[in-house]
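The structure under discussion appears below in the form of structure tokens.
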Amino acid sequence: MNIATAETGHRQTRYAPPQGATEFVLVRHGASEPYVPERPFALVDGHGDPALSEDGLEQARRVCARLARERVDAVYVTNLRRTAQTAAPLLAARGITPIVEPALREVFLGAWEGGRLRAFAAQQDPIWQRVVADGEWGHIPGAESSAQLQQRCVDALQRLHMAHPGQRVVCVVHGGVIGTLAAHAVGARHRSFDGADNGSLHSIVVLGTQWWLRRFNDTTHLDTD
């Protein structure tokens with residue numbers, strides 16, 4: 001018998017990831033610059049690549065100031081510049097070199113790339129209404145399907161888990177990526193977790209093929225002046 005336990009009782013303790021698990025802190029990049037129909041965003045590997053707006057730069061500063069006080073073993077960004085710009089204050093504060101993971105880039109939107117999705121969504125285009133109703137990106141002409149997006153993102157996170165067992169890894173990524181990973185973690189339908197705010201924090205713990213969603217859309221660092 002453990003005498004100390006017998007004397008003090010069995011206390012509740014804070015959550016700790018299982019041994020060998022990877023805790024992924026997913027950060028949605030800050031708000032990007034507005035889409036102007038006459039000036040579509042430049043493309044990188046077919047994906048729209050806007051820079052952060054002034055609001056986005058402030059969101060990046062706040063989220064990185066919060067993460068700078070926490071344990072960070074590695075930082076990943078995608079090949080789209082808004083993620084690198086968001087991560088920049090954290091990298092400068094901690095002296096960390098980011099690793100680029102293109103497989104965690106945003107969903108490919110086909111004919112609606114370059115910022116065009118924003119216009120079609122604002123107009124409540126019938127195709128957009130089908131995307132929302134069915135949770136299916138593939139309704140957009142030439143776009144990646146929701147299942148394809150989820151498979152590449154899950155495969156990427158499983159690969160990063162194998163590279164970082166027992167570590168806490170920050171991944172600065174995109175709203176669609178966060179949504180599909182959260183849905184996979186809880187076994188929900190595609191796009192059940194849409195709506196991650198710019199500059200928000202999310203946590204997923206991975207151990208082997210087991211996934212746990214620990215946090216979604218934490219914006220407390222954005223809500224203080």
Side-chain angles (χ1 to χ4, degrees), residues 24-35 41 47-50 52-60 62-64 66-67 76-78 80 82-83 85-87 104-110 112-140 143-154 156-157 170-205 211-224:
F24 290 100
V25 178
L26 308 179
V27 181
R28 188 183 179 198
H29 62 78
S32 57
E33 59 190 347
Y35 166 68
F41 301 140
H47 292 253
D49 191 34
L52 292 186
S53 65
E54 288 300 316
D55 286 343
L57 291 170
E58 175 61 17
Q59 290 163 348
R62 291 193 180 203
V63 70
C64 290
R66 180 174 175 183
L67 290 173
Y76 283 82
V77 297
T78 75
L80 301 175
R82 54 195 183 273
T83 64
Q85 289 181 315
T86 300
L104 290 175
R105 66 191 178 278
E106 185 59 290
V107 59
F108 176 61
L109 297 171
W112 288 13
E113 274 294 352
R116 294 178 180 87
L117 177 140
R118 298 187 192 181
F120 285 115
Q123 297 162 11
Q124 286 298 297
D125 183 273
I127 293 178
W128 174 247
Q129 292 180 14
R130 289 181 62 203
V131 170
V132 173
D134 298 343
E136 179 50 70
W137 290 112
H139 290 324
I140 298 170
E144 189 173 23
S145 73
S146 294
Q148 289 170 332
L149 169 68
Q150 187 168 87
Q151 190 62 61
R152 73 166 164 86
C153 292
V154 169
L157 219 65
V170 172
C171 297
V172 185
V173 290
H174 308 267
V177 172
I178 291 167
T180 199
L181 291 173
H184 174 79
V186 302
R189 69 189 291 269
H190 293 308
R191 303 195 66 221
S192 296
F193 284 86
D194 277 6
D197 291 315
N198 291 111
S200 55
L201 290 171
H202 317 256
S203 296
I204 292 176
V205 173
W211 288 47
W212 296 271
L213 178 64
R214 294 287 306 162
R215 171 171 54 168
F216 183 79
N217 210 48
D218 178 355
T219 60
T220 54
H221 50 282
L222 303 179
D223 298 333
T224 57

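From a predicted model like this one, the values you see are computed outputs, not experimental measurements.
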Can a donor-acceptor pair be found between the side chains of [X] and [Y] at a distance below 3.5 Å?
X    : Y    : result
N217 : T219 : no
R214 : S203 : no
S146 : R189 : no

Can you find a heavy atom in the side chain of [X] that is under 4.5 Å from one in the side chain of [Y]?
X    : Y    : result
V27  : L201 : yes
L57  : E54  : yes
F216 : I178 : yes
D197 : R28  : no

Heavy-atom pair with the smallest gap, counting every atom of [X] and [Y]:
X    : Y    : value
D49  : F41  : N-CB, 4.0 Å
H29  : H174 : CD2-ND1, 3.5 Å
A31  : Q59  : N-OE1, 2.8 Å
I204 : A182 : CD1-N, 4.1 Å
C153 : L104 : O-CD2, 4.0 Å
A196 : H202 : CB-CE1, 3.6 Å

Residue Q124 excluded, over 12 heavy atoms near CD under 6.0 Å: yes

Can you give each donor-acceptor pair under 3.5 Å made by side-chain atoms of residues 114-122, sequence neighbours left out, with the distance rounded to 0.1 Å?
from, atom 1, to, atom 2, distance (Å)
R116, NH1, E113, O, 2.7
R118, NH1, E33, O, 3.0
R118, NH2, S32, OG, 2.6

Sequence-distant partners of D194, salt bridge (charged side-chain N to carboxylate O under 4.0 Å, His left out), two or more places apart: R191

To the nearest 0.5 Å, tell me how far [X] [atom1] sits from [Y] [atom2].
X    : Y    : atom1 : atom2 : result
H47  : L109 : NE2   : CG    : 8.0 Å
H190 : E136 : NE2   : CD    : 7.0 Å
T180 : E106 : OG1   : CD    : 10.0 Å
L213 : L181 : CG    : CG    : 10.0 Å
R82  : S53  : CZ    : OG    : 12.0 Å

Plane angle bin for W128 and W112 - parallel if under 30°, tilted between 30 and 60°, otherwise perpendicular: tilted

Full working for side-chain contact (heavy atoms from CB on, under 4.5 Å) between V25 and R215: CA-CA 9 Å; V25 178; R215 171 171 54 168; 3.8 Å; yes

